[in-house]
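The next block holds one structure in the form of structure tokens; read it before the comments.
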Amino acid sequence: MQKSFTVQHTGLANQLGSGSLPVLATPQLVADMENTAASACTPFLKPEQTTVGVNMKIDHLAPSLEGDTILIDAQITEQTAKKFVFAIVATCRGVKIGQATHTRVIVESERFMPNAKQMN
């Protein structure tokens with residue numbers, strides 16, 4: 001699955017607190033990668049299911065500026081009854097700016113939130 005994102009002011013490192021420069025923040029890149037992977041899972045899920053991210057190994061390789069368009073490609077490399085594993089590549093202006101391996105697990109939506117609330 002491919003999705004594109006525009007680097008917003010709110011997603012810059014100096015705005016998110018992950019750095020001092022006005023470039024795409026790694027936490028924002030992670031969120032955009034997770035968003036793309038989560039969307040790729042949707043066709044495989046039952047209506048009562050969703051996925052949650054449980055692991056992300058990321059390399060943020062190059063900077064991007066406010067207004068840049070980031071193209072994210074998330075490909076399923078492993079799929080079981082309970083999880084999806086993705087290889088993700090992010091590019092900007094034809095240059096690879098990030099790569100990741102990401103795991104998402106399938107959960108039952110109605111059971112997940114009560115369990116999460118009990119943990120607090």
Side-chain angles (χ1 to χ4, degrees):
M1 162 155 300
Q2 287 189 341
K3 290 180 93 173
S4 65
F5 299 87
T6 301
V7 179
Q8 303 291 321
H9 184 74
T10 54
L12 300 176
N14 64 343
Q15 298 300 307
L16 286 177
S18 66
S20 60
L21 299 174
V23 295
L24 176 64
T26 300
Q28 184 63 57
L29 180 58
V30 168
D32 294 342
M33 287 176 162
E34 280 206 80
N35 177 288
T36 304
S39 295
C41 295
T42 302
F44 302 99
L45 302 175
K46 297 175 185 172
E48 65 274 10
Q49 295 177 321
T50 190
T51 61
V52 293
V54 296
N55 182 277
M56 174 81 73
K57 181 182 179 299
I58 182 172
D59 297 311
H60 193 165
L61 305 169
S64 302
L65 302 174
E66 184 174 352
D68 279 348
T69 299
I70 308 301
L71 180 63
I72 298 179
D73 182 40
Q75 297 298 317
I76 298 171
T77 59
E78 180 185 341
Q79 181 180 354
T80 69
K82 295 284 185 185
K83 76 175 180 180
F84 298 90
V85 179
F86 289 88
I88 305 174
V89 174
T91 59
C92 179
R93 293 177 261 124
V95 174
K96 184 194 294 188
I97 63 156
Q99 60 190 16
T101 302
H102 177 47
T103 304
R104 302 189 69 76
V105 296
I106 298 171
V107 298
E108 302 291 327
S109 299
E110 288 189 24
R111 288 177 38 205
F112 185 84
M113 288 310 298
N115 289 341
K117 289 176 183 175
Q118 286 180 351
M119 295 182 79
N120 290 324

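Taking OG1 of T26 as the start and NE2 of H60 as the end, the distance is 4.5 Å to the nearest 0.5 Å. Note that the CD atom of E110 and the CD atom of Q49 stand 12.0 Å from one another [nearest 0.5 Å]. Here the CD atom belonging to Q2 is positioned 12.5 Å from the CD1 atom belonging to I88, to the nearest 0.5 angstrom.
You'll find the side chain of I97 reaches within 4.5 Å of the side chain of L24, heavy atoms only. For the pair K3 and N35, the minimum side-chain heavy-atom distance is below 4.5 Å. At a threshold of 4.5 Å between non-hydrogen side-chain atoms, the residues L71 and T91 count as touching. With contacts defined as side-chain heavy-atom distances shorter than 4.5 Å, the pair I106/L45 qualifies. Contact check for T69 versus F5: no side-chain heavy atoms found under the 4.5 Å cut-off. Residues I72 and I70 form a side-chain contact, since some pair of their non-hydrogen atoms from C-beta on lies under 4.5 Å apart. Side-chain atoms of C41 and F86, non-hydrogen and from C-beta on, do get closer than 4.5 Å to each other.
The environment of CD in E48 is crowded: more than 12 heavy-atom neighbours from other residues, nucleotides or ligands sit within 6.0 Å.
Ion pairing between a basic and an acidic side chain is recognised when a charged N comes within 4.0 Å of a carboxylate O; E34 and R104 show such pairing.
For residues 66-79, the set of pairs meeting the salt bridge (charged side-chain N to carboxylate O under 4.0 Å, His left out) definition, not counting sequence neighbours, comprises D68-R93, E78-K83.
Cluster annotation: V7 is connected to I58 through the hydrophobic network of ILVMFWY side chains, with a link wherever side-chain heavy atoms come within less than 4.5 Å.
Between A13 and L21, the shortest heavy-atom distance links the atoms CB-O, 3.5 Å. Here the closest heavy-atom approach between residue P22 and residue L65 is recorded as O-CD2, 4.1 Å. T77 approaches A87 most closely through the heavy-atom pair CG2-CB, 3.7 Å.
F112 belongs to a hydrophobic cluster with V52, V54, V105, V107, M113, counting contacts under 4.5 Å between side-chain heavy atoms of Ile, Leu, Val, Met, Phe, Trp and Tyr, direct or through other members.
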